[in-house]
Amino acid sequence: MKSESDIFAVRPFSKRNGLTLSLGGGVSLLLGLSLLLGYPGLFAAGLLLFSLGAVGLLLGLAKLYEPETSMELTPSGLNYHHRRGSVFVAWDNIHRVDVPRLTQGMELIELPYVGIKLKRLNPVLDNISPRLATGLLTEQRPLLMTAATQDEDLQSLEHYLGAEFTPLLVEGDRYRGVLAMFGHRCQTLNAHLGYHLYIPKDSLDRDSAEFVRLLRQRIAAFSLPAAPGNP
């Protein structure tokens with residue numbers, strides 16, 4: 001029997017120092033505004049402090065707005081928490097996990113994500129909310145451009161963007177709207193970069209390679225064994 005001690009909560013790096021950054025940004029913003037209004041001779045310094053404070057305040061608030069826990073690793077699978085919602089991936093639906101890599105010239109470049117290749121896409125499409133799917137579609141645009149750059153084929157990208165708005169049929173299940181768009185995106189990224197789902201590095205609580213090892217340990221420990229007679 002699995003216990004609550006088997007549940008591991010991931011508290012991301014990006015959440016840390018959010019309060020400090022917000023307070024520091026707010027102080028700098030107010031100080032800069034004071035210089036701009038009260039000391040015209042210090043206009044340049046006031047403008048610099050005001051600009052830096054505004055940026056710091058926005059970044060800090062964005063960090064505070066993110067969920068306290070980005071992921072929960074449970075005996076049954078991975079719960080990914082985003083400010084737009086959550087999605088669950090079962091351990092026995094994961095084919096492999098790793099850090100996505102691509103080749104640029106003679107160099108092998110690691111992308112700032114942990115990639116998850118699924119066995120079946122349907123379970124994810126069936127439990128992800130349209131709001132979260134929309135948010136991930138927006139956040140994954142750099143990945144889509146990376147895939148297009150990798151193939152150096154902009155016509156393929158244009159074809160994909162056109163197909164993204166069509167219904168999606170997966171194992172007999174038909175998806176429309178945002179879920180179909182997200183499903184198409186997962187399939188395209190899997191075809192070009194090797195993984196369906198991508199966890200940003202700033203959602204992790206440790207180095208990407210270490211987190212991959214952690215996920216592999218959980219998959220090995222909690223995945224359901226194959227039934228007798230099945231491969």
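Computed over heavy atoms, backbone and side chain alike; hydrogens, waters and symmetry mates excluded. The model shown is predicted, which means the values in this text are computed figures rather than measured ones.
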Do side-chain atoms of [X] reach the backbone of [Y] as a donor and acceptor pair under 3.5 angstrom?
X: His82; Y: Val87; answer: no
X: Trp91; Y: Thr74; answer: yes
X: Arg101; Y: Leu108; answer: no
X: Thr188; Y: His184; answer: yes

What pair of heavy atoms forms the shortest contact from [X] to [Y], and how long is it?
X: Pro100; Y: Gly115; result: CD-N, 3.7 Å
X: Ser129; Y: Arg84; result: OG-O, 4.0 Å
X: His81; Y: Ser86; result: ND1-OG, 2.7 Å
X: Val97; Y: Arg216; result: O-NH2, 3.0 Å
X: Phe211; Y: Val10; result: CE1-CG2, 3.8 Å
X: Cys186; Y: Leu121; result: CB-CD1, 4.0 Å

Mind checking what makes salt bridge (charged side-chain N to carboxylate O under 4.0 Å, His left out) contact with Glu72, not counting sequence neighbours? none
So, using salt bridge (charged side-chain N to carboxylate O under 4.0 Å, His left out) as the criterion, who are the partners of Glu210 when residues are at least two apart? none
Any chance you could measure [X], atom [atom1], to [Y], atom [atom2], to the nearest 0.5 Å?
X: Leu29; Y: Ser34; atom1: CG; atom2: OG; result: 9.5 Å
X: Ile128; Y: Arg131; atom1: CD1; atom2: CZ; result: 12.0 Å
X: Asp98; Y: Arg213; atom1: CG; atom2: CZ; result: 11.0 Å
X: Ser70; Y: Ile199; atom1: OG; atom2: CD1; result: 8.0 Å
X: Leu197; Y: Arg185; atom1: CG; atom2: CZ; result: 12.5 Å
X: Tyr113; Y: Thr146; atom1: OH; atom2: OG1; result: 7.5 Å

In this structure, would Ile94 and Phe88 fall into the same cluster of hydrophobic residues linked by side-chain contacts under 4.5 Å? no
With Lys117, which residues qualify under side chain to side chain donor-acceptor pair (under 3.5 Å), at least two apart? Asn190
Heavy-atom side-chain proximity of [X] to [Y] below 4.5 angstrom:
X: Met71; Y: Leu204; result: yes
X: Phe8; Y: Asp205; result: yes
X: Leu73; Y: Leu214; result: yes
X: Phe182; Y: Leu136; result: yes

Not counting sequence neighbours, which residues clear side chain to side chain contact (heavy atoms under 4.5 Å, CB included) with Leu36? List them please. Phe43, Leu47, Phe50
Give the table of side-chain donor-acceptor pairs shorter than 3.5 Å for residues 168-181, with sequence neighbours excluded, one pair per line with atom names and distance.
{"unit_1": "Glu171", "atom_1": "OE1", "unit_2": "Arg120", "atom_2": "NE", "d": "3.0"}
{"unit_1": "Glu171", "atom_1": "OE1", "unit_2": "Arg120", "atom_2": "NH2", "d": "3.1"}
{"unit_1": "Asp173", "atom_1": "OD2", "unit_2": "Asn122", "atom_2": "ND2", "d": "2.9"}
{"unit_1": "Tyr175", "atom_1": "OH", "unit_2": "Asp126", "atom_2": "OD1", "d": "2.8"}

Strictly below 4.0 Å, N to O, side chains only: are Asp92 and Lys119 in salt-bridge contact? no
So which residues get pulled into Leu35's cluster when ILVMFWY side chains under 4.5 Å apart are joined, directly or through others? Leu31, Tyr39, Leu42, Leu49
